[in-house]
Amino acid sequence: MLMPKKTKFRKSQKNPQTGKSTRGTEIAFGRYGLKAIDTAWLTSRQIEAARRAMTRSIKRGGKIWIRVFPDKPVTKKPNEVGMGKGKGSPDHFIYVVKPGRIIFEMDGIPVEAAKEAMRLASHKLPMKTRIVVKSQEVKSED
């Protein structure tokens, strides 16, 4: 499970989930990417489930890059506890995904296999996604 070794503060505030992603919007490592269309909280369990789905689909061939890391703590109070008495203790970690963010990248396999693997991974995620392919630069011969 992905989680930070150490955080500056145990608990964090929610903050608004508005706007588009300004960083991580271009494919940097591989040839194929899974891009977020919606805003969502991505838990470490969902990231791991999507990674496993992709890895199984490509039969451990190629290379996969995970471009997000859950570093924001989410607190939860125990069941059947009344209101008040402060904020709950940290339960799990999330990553706030904004539209345009590349979540996964892949390389070293054919286009059809990559698209199928990304499709299977997208079913494990809580937001709409789009499969993107890095544009090929055409060299002109003189």
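This one's a predicted model, so the numbers in the text were calculated from it and none came from an experiment.
A 4.5 Å side-chain heavy-atom check between Lys35 and Arg101 finds every atom pair outside the cut-off. At a threshold of 4.5 Å between non-hydrogen side-chain atoms, the residues Leu42 and Pro126 count as touching. Considering only heavy atoms from C-beta on, Ile94 comes within 4.5 Å of Lys72 through its side chain. Looking only at side-chain heavy atoms (C-beta outward), Tyr95 and Ser44 stay at 4.5 Å or farther from each other. Contact of the Ile47 side chain with the Phe69 side chain is not registered, since no non-hydrogen atoms from C-beta on lie closer than 4.5 Å. Here the side chains of Pro4 and Phe93 are in contact, with some heavy-atom distance below 4.5 Å.
Within the 3.5 Å criterion, the main-chain N or O of Thr43 finds a donor-acceptor partner in the side chain of Gln46. The backbone N or O of Arg51 lies less than 3.5 Å from a partner atom in the side chain of Thr55, making a donor-acceptor pair. Between the side chain of Glu105 and the backbone N or O of Gly33, no donor-acceptor pair lies under 3.5 Å.
Under the 4.5 angstrom side-chain criterion for Ile, Leu, Val, Met, Phe, Trp and Tyr, Ile37 has no cluster partners at all.
Val133 is connected to Ile64 through a chain of hydrophobic side-chain contacts under 4.5 Å among Ile, Leu, Val, Met, Phe, Trp and Tyr, so both are in one cluster. In this structure, Leu2 is a member of the same hydrophobic cluster as Leu125, with clusters built from ILVMFWY side-chain heavy atoms closer than 4.5 Å. Note on Met127: it clusters hydrophobically with Val68, by side-chain heavy-atom contacts below 4.5 Å among ILVMFWY residues. In terms of hydrophobic clustering, with Ile, Leu, Val, Met, Phe, Trp and Tyr side chains grouped at heavy-atom distances under 4.5 Å, Trp65 and Ile27 are assigned to different clusters. If you chain together hydrophobic residues whose side chains sit under 4.5 Å apart, Val97 and Ile131 fall into the same group.
Every pair tested for side-chain hydrogen bond (donor to acceptor under 3.5 Å, both in side chains) that includes a residue from residues 8-28 fails, sequence neighbours excluded, so the list is empty.
When every heavy atom of Ile58 is checked against every heavy atom of Ala117, the shortest pair comes out as CG2-CB, 3.8 Å. Nearest heavy-atom pair across Lys134 and Gly30 is CD-O, 3.7 Å.
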request  = Begin with the C-alpha distance, continue with both residues' side-chain angles, and end with the deciding distance and a verdict on side chain to side chain contact (heavy atoms under 4.5 Å, CB included) for Asp91 and Thr75.
outcome  = CA-CA 5 Å; Asp91 185 50; Thr75 59; over 6 Å; no
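Thr129 contributes atom OG1, which lies 10.0 Å from atom CZ of Phe104 (distance to the nearest 0.5 angstrom). In this structure, the separation between OH on Tyr32 and CD1 on Ile109 is 6.5 Å, given to the nearest 0.5 Å. In this structure, NZ on Lys128 lies 12.0 Å from OG1 on Thr39, to the nearest 0.5 angstrom. Taking NE2 of His92 as the start and NZ of Lys76 as the end, the distance is 9.5 Å to the nearest 0.5 Å. Atom CD1 in Ile102 sits 14.5 Å away from atom CD1 in Ile66 (nearest 0.5 Å). For the atom pair NZ (Lys85) and NZ (Lys77), the distance works out to 8.0 Å, reported to the nearest 0.5 Å.
Applying the side-chain contact (heavy atoms from CB on, under 4.5 Å) test to Arg119 and every residue at least two apart in sequence or in another chain returns Glu116, His123.
Looking at Arg31 and Asp107, a side-chain N of the basic residue comes within less than 4.0 Å of a carboxylate O on the acidic one, giving a salt bridge.
The side chain to side chain contact (heavy atoms under 4.5 Å, CB included) test with Leu34 singles out one residue from Arg67, Met118, Met54, and that residue is Met118.
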